[in-house]
Amino acid sequence: MPKVIWFEIPAADPERAIKFYEDVFGWKIEKWDGPFDYWLITTGPDDEPGINGAIMTKEMGDMVRDTIGVDSYDDFAKKIVKEGGTKLTEKMEIPKMGIMGSFKDTEGNIFAIMEPKMD
């Protein structure tokens, strides 16, 4: 059964959001070394239940988004559209991570699916 494997929190002021989540929950937050502003959140040890996520700028979207891990991107993309969802982005490969894309559900919520490919 597919599970939520990642979350993204939008922030108008990422530094303020980082301070908030570090101070309130003790999360470890580090700037991603990539081509856009994105901060990786570690919510706890890997051997404990839970998922990690990121803080993104509001230019990337203004809704909290979840990413759901799937075993076949293409199969689930078809199911999403068949059941009334909308494809928002084309399928894209994230190097060393997997294949992902964004969708909108029947209630207007945005989410992504990812077929992990750890090489």
Side-chain angles (χ1 to χ4, degrees):
M1 183 178 306
K3 291 184 175 185
V4 174
I5 60 170
W6 191 255
F7 65 86
E8 293 175 315
I9 300 170
D13 182 340
E15 296 301 323
R16 180 178 60 209
I18 290 165
K19 181 177 180 341
F20 175 82
Y21 286 103
E22 286 178 337
D23 290 352
V24 172
F25 298 111
W27 293 350
K28 180 181 171 194
I29 304 173
E30 299 177 330
K31 182 126 176 28
W32 177 55
D33 186 25
F36 51 88
D37 289 336
Y38 199 73
W39 294 262
L40 304 176
I41 301 171
T42 301
T43 61
D46 288 340
D47 61 348
E48 291 182 5
I51 62 172
N52 296 318
I55 292 175
M56 62 185 185
T57 62
K58 287 214 177 211
E59 287 82 31
M60 295 176 65
D62 60 359
M63 299 175 90
V64 172
R65 296 188 298 214
D66 295 320
T67 299
I68 301 165
V70 297
D71 58 3
S72 169
Y73 176 93
D74 292 333
D75 290 348
F76 277 87
K78 287 177 192 169
K79 284 184 187 180
I80 291 165
V81 172
K82 180 181 177 222
E83 296 302 325
T86 306
K87 181 170 75 168
L88 298 177
T89 65
E90 293 300 318
K91 173 168 77 171
M92 66 185 102
E93 184 170 347
I94 310 293
K96 299 181 183 177
M97 296 288 294
I99 299 167
M100 76 177 299
S102 294
F103 297 83
K104 187 184 292 187
D105 71 12
T106 57
E107 308 311 305
N109 300 301
I110 296 173
F111 65 97
I113 59 172
M114 176 178 274
E115 178 183 334
K117 298 222 183 262
M118 305 294 195
D119 359 286

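When reading the values below, keep in mind they use all heavy atoms of this one structure, side chains included, and skip hydrogens, waters and symmetry mates.
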Closest approach of [X] and [Y], non-hydrogen atoms and distance?
X    : Y    : answer
I41  : A54  : CD1-C, 3.6 Å
Y73  : T89  : OH-O, 4.4 Å
K91  : D74  : NZ-OD1, 3.0 Å
M114 : P116 : O-CD, 3.2 Å
W39  : E15  : NE1-OE2, 4.1 Å
M60  : F36  : CE-CE1, 3.6 Å

Start with the C-alpha gap between W27 and I18, add the side-chain angles, then the distance that decides, and say whether side-chain contact (heavy atoms from CB on, under 4.5 Å) holds.
CA-CA 9 Å; W27 293 350; I18 290 165; over 6 Å; no

Using a 4.5 Å side-chain heavy-atom cut-off and chaining through intermediate ILVMFWY residues, the residues clustered with M1 come out as none

So which residues get pulled into M63's cluster when ILVMFWY side chains under 4.5 Å apart are joined, directly or through others?
L88, I110

From T67 OG1 over to E8 CD, what is the distance, rounded to the nearest 0.5 angstrom?
5.5 Å

Atom pair NZ (K87) and NZ (K78), whose distance is rounded to the nearest 0.5 Å:
11.0 Å

D23 atom CG, over 12 foreign heavy atoms within 6.0 Å:
yes

Crowding at NZ, K31 (>12 non-hydrogen neighbours, <6.0 Å)
yes

K58 and D62 ion-paired at < 4.0 Å:
no

So among I55, D66, N52, which one has a side chain to side chain contact (heavy atoms under 4.5 Å, CB included) with F7?
D66

Parallel, tilted or perpendicular, judged at 30° and 60°: which one describes the rings of W6 and Y38?
parallel

Starting from the C-alpha separation in whole Å, work towards a yes-or-no answer on side-chain contact (heavy atoms from CB on, under 4.5 Å) for I80 and F111.
CA-CA 11 Å; I80 291 165; F111 65 97; 3.8 Å; yes

Count I, L, V, M, F, W, Y as connected when their side-chain heavy atoms are under 4.5 Å apart, and connections chain through other members. Are [X] and [Y] then in the same cluster?
X    : Y   : answer
I113 : M92 : no
F25  : M56 : no
I94  : V70 : no
L40  : I9  : no

Judged by atom type as modelled, is there a donor-acceptor pair below 3.5 Å linking the side chain of T43 to the main-chain atoms of I51?
yes

So F76 and I68, do their side chains get closer than 4.5 Å, heavy atoms only?
no

Side chains of V64 and P10: does their closest heavy-atom pair fall under 4.5 Å?
yes

